[in-house]
Number of protein chains: 2
Amino acid sequence: MDVFLETVSALNDETRIKLLAFLDIHGALCVCDLQESFGMIQSRLSRHLKILKEGGFLRVDRCGTWAYYSIRFPLDRFRSEALSEIRCLGIELPPLQKLSETGDCKL
Amino acid sequence: MDVFLETVSALNDETRIKLLAFLDIHGALCVCDLQESFGMIQSRLSRHLKILKEGGFLRVDRCGTWAYYSIRFPLDRFRSEALSEIRCLGIELPPLQKLSETGDCKL
DNA sequence: GCATAATATCAATATATCTTGATATATTAT
DNA sequence: ATAATATATCAAGATATATTGATATTATGC
């Protein structure tokens, strides 16, 4: 019950739905990229990304000081179906502003 | 976005998940049956049932003064997958206390 | 019509969640 | 070691949601 509720409540926020849609389109991005793209303050993003990660939707790959967030695959059926729904919503997303450089990191 | 969030937030409550599981097992029940089974006050149940209905999970069939709530079929893929998850949670549910009589009503 | 029963809605309080700004941690470069 | 950058966490206030008790609505039987 708790795990399911954690998954559902991760979905229960407009900001997090937009973040999922954005990461679904653009692949792995770090917090500063998202911060710049969405014009959001860092602590807010960090919190939402944590909730999405703990809800089983995202993975994090650390690369030096950067933390690259991306959709976690494979997703189970429920989360996968949720992502399909999100893809169909036609959400308006901001343009990607990419500041970070992967450099050595293999993502 | 709003419709999806309405669906998700309907799922985002322990009481409502239990109600879905209970109605999934027992079929159509009226508010007084649920009230008795769960030991909840009527206004609380009525509110949660309304949210589940507006979230697309339940239908209501009125029969005189009774309002019979049941899972709405067919469910779309996302809601159906949510219900599958709920079935797998192994939620402990109270025994059914059935007070209402269907009588003439065809359910 | 009047009384009773089932359900729905409202207003107030309690509880949880979100946002913000400040601070803490961690990594890299000098 | 110090400074700079990226991210995470914390505390306070703002907002949303849940619960309760009271009231309103609707249908039935007398």
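Given the structure is predicted, the values throughout are model-derived calculations rather than measurements. Numbered from 1 within each chain, the chains take letters A, B, ... in sequence-line order.
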Are side-chain heavy atoms of B/Leu49 and B/Val60 found at a separation under 4.5 Å?
no

Can a salt bridge be assigned to the pair B/Arg77 and B/Glu81 using a cut-off of 4.0 Å between side-chain N and carboxylate O?
no

Would you kindly compare A/Gln42 and B/Trp66 by the position of their nearest DNA chain C nucleotide and give the one closer to the 5′ end?
B/Trp66

5' precedence on DNA chain D between A/Tyr69 and B/Asp13 (nearest-nucleotide basis):
A/Tyr69

Side chain proximity check, B/Val8 to B/Phe78, heavy atoms < 4.5 angstrom:
yes

Calculate the interatomic distance between A/Lys50 atom NZ and C/dT17 atom P; express it in whole Å.
14 Å

Donor-acceptor check, side chain of A/Ser80 to backbone of A/Leu75, threshold 3.5 angstrom: yes or no?
no

Any strand: nucleotide that pairs with C/dA26 via Watson-Crick or wobble, under 3.5 Å:
D/dT5

Heavy-atom nearest nucleotide on DNA chain D taken for B/Ser43 and for B/Thr65; more 5' hit belongs to B/Ser43

Go through DNA chain D in 5' to 3' direction and return only the first and the last nucleotide with some atom under 4.0 Å of chain A's heavy atoms.
D/dA6 to D/dT9

Rounding to an integer number of Å, can you tell me how far A/Gln35 CD sits from C/dT19 P?
15 Å

Decide yes or no for A/Leu52 and A/Leu11: does some side-chain heavy atom of the first lie under 4.5 Å from some side-chain heavy atom of the second?
no

I need the CG-P distance between A/Leu45 and C/dC18, as an integer number of Å.
14 Å

Nearest atoms (heavy-atom pairs only) where A/Leu96 meets A/Phe22:
CA-CZ, 3.8 Å

Is a donor from one side chain sitting under 3.5 angstrom from an acceptor on the other, for A/Arg79 and A/Thr7?
yes

Looking across every strand, which nucleic acid part, if any, lies under 4.0 Å from A/Arg47 by heavy atom: base, sugar-phosphate, or nothing?
base

For B/Leu58 and C/dT7, what is the distance between atoms CG and C1' respectively, to the nearest whole Å?
15 Å

Atom CZ of B/Arg62 and atom P of C/dA8: how far apart are they, to the nearest Å?
5 Å

Euclidean distance, atom NE2 of residue A/His48 to atom P of C/dT17 [Å, nearest integer]
13 Å

